[in-house]
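Before any comments, here is the structure.
The figures that follow rest on heavy atoms only: side chains count, while hydrogens, waters and symmetry mates do not.
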Amino acid sequence: MEDVVAVVPLLTVLVLAATVALVLGVLRRSPPSREASVHAARRHARLAATAAVALGATAALLVAVREVGNSAPGGLGVTGLLVPIVFGVAHTVVLAAGELTWPRPQGEVRRARLVHRGLLDAAPRWLVRTAAVATALAVAVLAVGALMADETGRAVTHGSTAGGDLSWSTASPFPGLFYGRPAAIGLLTLAAVTLAALWVVANRPAVATEDERIETALRRASAHRVLRAAVAATLVAIGGLLLVGGMAMSNVGALPLPGWAGALPGLLTMLAGLVVLCLRAPGVPADSPTVPAR
């Protein structure tokens with residue numbers, strides 16, 4: 001029963017996020033650009049983004065289906081925790097492949113800009129700050145969970161002197177090492193592929209256009225897509241741990257709050273992940289020689 005409680009919110013939020021993002025990516029169409037190079041770049045970016053969501057959702061679904069009927073204690077809970085992380089890793093790998101196959105400059109005359117680009121220079125500042133907050137939250141939840149969990153690593157025990165006698169209460173699931181270890185490994189893997197993808201974005205060929213703002217907007221959109229999924233997956237996974245941890249703490253009396261109140265921070269964190277995943281990437285400037293993206 002504890003595994004079902006742990007996995008259902010994670011799977012629900014992930015499926016909703018992936019469905020909404022995929023529908024937006026497929027249905028949203030942009031008017032054709034006047035410059036052939038910009039049109040090709042935007043089409044390539046759109047295809048890569050759609051494929052990333054589709055393949056990421058497929059990989060996450062395969063992980064979930066593979067563990068259906070798993071009777072091992074805590075097994076289904078670990079699977080539910082890894083589903084959003086697998087989505088984020090697969091999504092990021094596909095985006096990196098798309099950046100590696102970015103359309104090369106065409107024609108007899110080619111231009112190249114000598115510009116130094118840092119790893120996060122193209123990334124939206126608000127998204128970088130959100131990534132930092134998500135990382136700090138992940139470290140805090142995993143560290144506190146490991147310290148407070150009992151010897152099983154998936155439950156919390158709390159003593160109470162209500163009525164004059166010391167009594168102990170135990171509740172699970174709880175984000176101890178049993179859940180925290182695979183979460184940490186998965187999140188470190190996600191961080192590694194995200195940094196690699198951002199490096200590819202920073203070093204891919206520039207789009208052949210005379211409007212520097214278009215090249216900046218396209219590269220900024222690529223960095224946005226990479227960070228968007230990584231941050232969303234982190235928030236959903238950590239939000240799930242925070243949700244079940246808060247409920248367990250409330251159930252044993254360690255928090256003077258009802259169960260729903262203990263679960264609220266986790267639910268809000270997961271909702272934030274859903275919102276981040278659905279935020280569209282920047283478009284081409286409206287007053288440029290091309291028609292802006294919608």
Side-chain angles (χ1 to χ4, degrees), residues 7-28 30 45-64 80-99 120 122-138 141 183 186-187 189-195 197-198 201 220-243 265-283 293-294:
V7 71
V8 168
L10 291 172
L11 291 178
T12 301
V13 172
L14 178 64
V15 170
L16 287 175
T19 301
V20 172
L22 181 58
V23 169
L24 290 177
V26 172
L27 296 183
R28 187 173 58 224
S30 301
R46 182 170 60 248
L47 290 174
T50 303
V53 174
L55 294 178
T58 300
L61 183 61
L62 289 176
V63 170
L81 172 64
L82 293 180
V83 162
I85 298 177
V86 169
F87 171 83
V89 171
H91 183 281
T92 305
V93 169
V94 175
L95 285 182
E99 294 297 319
L120 298 175
R125 295 299 96 188
W126 72 266
L127 198 47
V128 173
R129 290 192 290 268
T130 305
V133 171
T135 301
L137 180 61
V141 170
L187 291 175
T189 302
L190 177 59
V193 297
T194 299
L195 291 175
L198 289 173
V201 170
R220 184 178 177 85
S222 294
H224 175 102
R225 294 185 185 98
V226 170
L227 272 181
R228 175 177 62 188
V231 171
T234 301
L235 289 174
V236 170
I238 293 301
L241 290 178
L242 194 58
L243 182 151
L267 287 173
L268 293 177
T269 302
M270 297 171 75
L271 178 61
L274 172 61
V275 171
V276 169
L277 183 61
C278 294
L279 291 177
R280 60 167 298 183
R294 295 295 181 186

Stepwise side chain to side chain contact (heavy atoms under 4.5 Å, CB included) check, L127 with V276: CA-CA 9 Å; L127 198 47; V276 169; 4.2 Å; yes
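- What you find for A233 and L190 is that their closest heavy atoms are CB-CD2, 4.0 Å.
- The shortest non-hydrogen separation linking L235 to A272 is CD1-C, 4.0 Å.
- Rounding to the nearest 0.5 Å gives a distance of 7.5 Å between CD1 of I85 and OG1 of T234.
- Within the 4.5 Å cutoff, the side chain of I238 has heavy atoms near those of the L187 side chain.
- Atom CG of L227 sits about 7.0 Å away from atom OG1 of T194, to the nearest 0.5 Å.
- Side chain of R125 to main chain of A123: a donor-acceptor pair is present (N/O by atom type, distance under 3.5 Å, no hydrogens or angles).
- Taken from CG in L82 to CZ in F87, the straight-line distance is 15.0 Å, to the nearest 0.5 Å.
- The nearest pair of heavy atoms linking A64 to V83 is CB-CG2, 4.0 Å.
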Distance-only donor-acceptor pairs under 3.5 Å for side chains of residues 89-99, two or more places apart:
residue: T92; atom: OG1; partner: G88; partner atom: O; Å: 2.7
residue: E99; atom: OE1; partner: R204; partner atom: NE; Å: 2.6
residue: E99; atom: OE2; partner: S222; partner atom: OG; Å: 3.0

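- In terms of heavy atoms, P84 sits closest to V236 at CB-CG1, 3.8 Å.
- Heavy-atom minimum distance, A45 versus R225: CB-NH1, 3.8 Å.
- Across all their heavy atoms, P124 and R220 have their closest contact at CA-NH2, 3.4 Å.
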